[in-house]
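What follows is one structure encoded as structure tokens, with my remarks underneath.
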Amino acid sequence: MSKNEKSSPKKVKQAGVVSRILAYAGKHKPFIYLSLFLSALSTLALLIPYAVVFYVLRGIISAYTAGTEVDAEQMVIYGLIALGAAAAGFLLYFGALMCSHITAFNLMGNLNMRLTDTFARLPVGWHTTHASGSVRKVFEKNVHSLEGLIAHMLPDVVQNAVTPIAVLFLMFFFDWRFGLISFLPLVIAFILQGAMMAKGRKMGFMENYENALEKMNSAGTEYIRGISVVKTFNQSVHRFKDFYTSIVNYRDYVLKYSMSWENGYSIFLALLKAGFVFWYRLPLFCRNGNPR
């Protein structure tokens with residue numbers, strides 16, 4: 001068996017994590033697909049006012065260079081279009097969040113019931129060998145964190161995917177030269193981001209981060225449960241060595257990793273916005289819909 005054949009099941013398993021989670025939504029699963037569709041429409045609608053600004057500026061500059069008055073009626077129409085598109089965008093996004101929350105809350109309820117049934121069937125010996133804080137964390141944090149993933153992150157991922165494509169289309173639609181100037185820094189920026197993310201995967205950041213976070217949460221739950229003893233005997237957090245050590249380890253690791261991104265992320269942000277420096281001159285090159 002080749003190396004690629006051995007690694008393919010792992011890739012398939014990783015790619016299907018969200019699908020496996022959504023399976024617990026039951027009959028409410030289709031709402032998430034409706035949410036993603038509405039989120040994409042919302043993104044397109046919210047970009048319309050920016051396109052309208054271009055036409056408004058073009059009309060004003062064209063009237064100024066021709067020595068004529070600005071067409072007030074046309075400006076009013078542009079304003080109404082921008083207002084209607086913005087209102088439609090917010091309503092569509094509201095609908096997207098409503099649908100995603102329907103899926104998320106039903107998923108969380110079904111998953112909690114499934115976990116409760118599973119933990120109830122485990123032997124007593126399993127509970128004596130596992131910290132109660134880690135078990136409690138599954139219900140209080142892990143399951144509840146799915147609400148952010150399903151109800152917010154998935155619609156936002158669609159927006160983040162649609163927005164660059166739509167913006168690039170507008171760039172090349174207005175003027176291909178400015179589109180090209182704006183596009184090249186974006187390509188370089190995302191190549192840099194990919195290199196930084198590859199470095200993070202090589203360091204095993206997410207695995208180490210999740211392990212450190214789980215240790216801190218488990219120790220924190222045990223500390224909260226024993227806080228009455230700490231107060232009674234006037235002890236400090238240092239008496240709970242595991243809790244204190246987990247906090248320090250988590251802090252040191254996250255801080256070190258975050259600082260390693262300092263230069264790369266600064267360059268990424270600079271490149272991401274570099275192309276838009278040229279956009280302020282775009283209306284000056286356009287008159288009556290044609291580049292001057």
Side-chain angles (χ1 to χ4, degrees), residues 17-61 70-112 143-175 178-179 182-183 186 189-190 193 269 272-273 275-276 279-280 282-283 286 289:
V17 170
V18 175
S19 298
R20 289 162 57 197
I21 293 174
L22 288 175
Y24 290 98
K27 63 181 181 179
H28 298 93
K29 183 178 178 179
F31 282 98
I32 193 63
Y33 300 115
L34 178 59
S35 171
L36 301 182
F37 177 70
L38 293 176
S39 180
L41 292 181
S42 170
T43 303
L44 297 176
L46 291 174
L47 287 175
I48 292 177
Y50 294 98
V52 170
V53 170
F54 165 79
Y55 288 104
V56 170
L57 291 175
R58 189 188 65 177
I60 294 174
I61 294 173
V70 176
D71 189 346
E73 294 183 0
Q74 190 67 38
M75 296 297 111
V76 171
I77 293 174
Y78 285 148
L80 292 176
I81 293 174
L83 179 62
F90 286 118
L91 289 175
L92 287 169
Y93 188 63
F94 175 77
L97 290 182
M98 290 293 291
C99 292
S100 63
H101 276 83
I102 290 174
T103 300
F105 289 142
N106 283 278
L107 184 153
M108 290 164 58
N110 295 338
L111 190 56
N112 273 325
V143 175
H144 287 182
S145 65
L146 293 176
E147 189 266 340
L149 171 65
I150 304 300
H152 296 279
M153 288 185 64
L154 289 183
D156 289 344
V157 166
V158 172
Q159 285 192 334
N160 293 336
V162 172
T163 299
I165 298 174
V167 169
L168 285 175
F169 172 79
L170 289 176
M171 288 179 180
F172 286 96
F173 176 77
F174 291 144
D175 190 287
F178 285 93
S182 302
F183 179 66
L186 292 179
F190 283 111
Q193 184 187 44
L269 291 179
L272 199 63
K273 301 178 181 180
F276 293 94
W279 270 79
Y280 79 98
L282 180 57
C286 297

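Count residues from 1 along the sequence.
In terms of the side-chain contact (heavy atoms from CB on, under 4.5 Å) criterion, residue partners of Leu149 (sequence neighbours excluded) are, by chain and number, Ile21, Leu146, Met153. Remark: Tyr55 pairs with no residue by the side-chain hydrogen bond (donor to acceptor under 3.5 Å, both in side chains) rule, at least two apart or across chains. Qualifying side-chain contact (heavy atoms from CB on, under 4.5 Å) partners for Leu34, counting only residues two or more places apart in sequence or in other chains: Leu38, Cys99. Remark: Asn110 pairs with no residue by the side-chain hydrogen bond (donor to acceptor under 3.5 Å, both in side chains) rule, at least two apart or across chains. With sequence neighbours left out, the side-chain contact (heavy atoms from CB on, under 4.5 Å) criterion links Ile81 to Ile48, Val52, Ile77.
Going from atom CG of Leu44 over to atom OG1 of Thr163 covers 8.0 Å, rounded to the nearest 0.5 Å. Within the model, atoms NZ of Lys29 and CG of Asn106 stand 14.0 Å from one another, a figure rounded to the nearest 0.5 Å. The line from CG of Leu22 to CD1 of Ile150 is 4.5 Å long, rounded to the nearest 0.5 Å. We find the OG-CG distance between Ser42 and Leu91 to be 9.0 Å, quoted to the nearest 0.5 Å. The CD atom of Gln159 sits 10.5 Å away from atom CG of Leu36, with the distance rounded to the nearest 0.5 Å. How far OG of Ser35 is from CG of Leu154: 8.0 Å, rounded to the nearest 0.5 Å.
A 4.5 Å side-chain heavy-atom check between Met108 and Leu111 finds every atom pair outside the cut-off.
The neighbour count for Met75 CE, taken as heavy atoms of other residues, nucleotides or ligands under 6.0 Å away, is above 12.
Sequence neighbours left out, the pairs with a member in residues 84-105 that pass ring-ring contact (aromatic ring centres under 6.0 Å, His included) are His101-Phe105, His101-His152.
A side-chain donor-acceptor contact under 3.5 Å links Thr103 to the backbone of His28. Without hydrogens or angle criteria, Thr43 side chain to Val162 main chain gives no donor-acceptor distance under 3.5 Å.
Nearest heavy atom pair, residue Ala45 against residue Ala88, reads CB-C, 4.5 Å.
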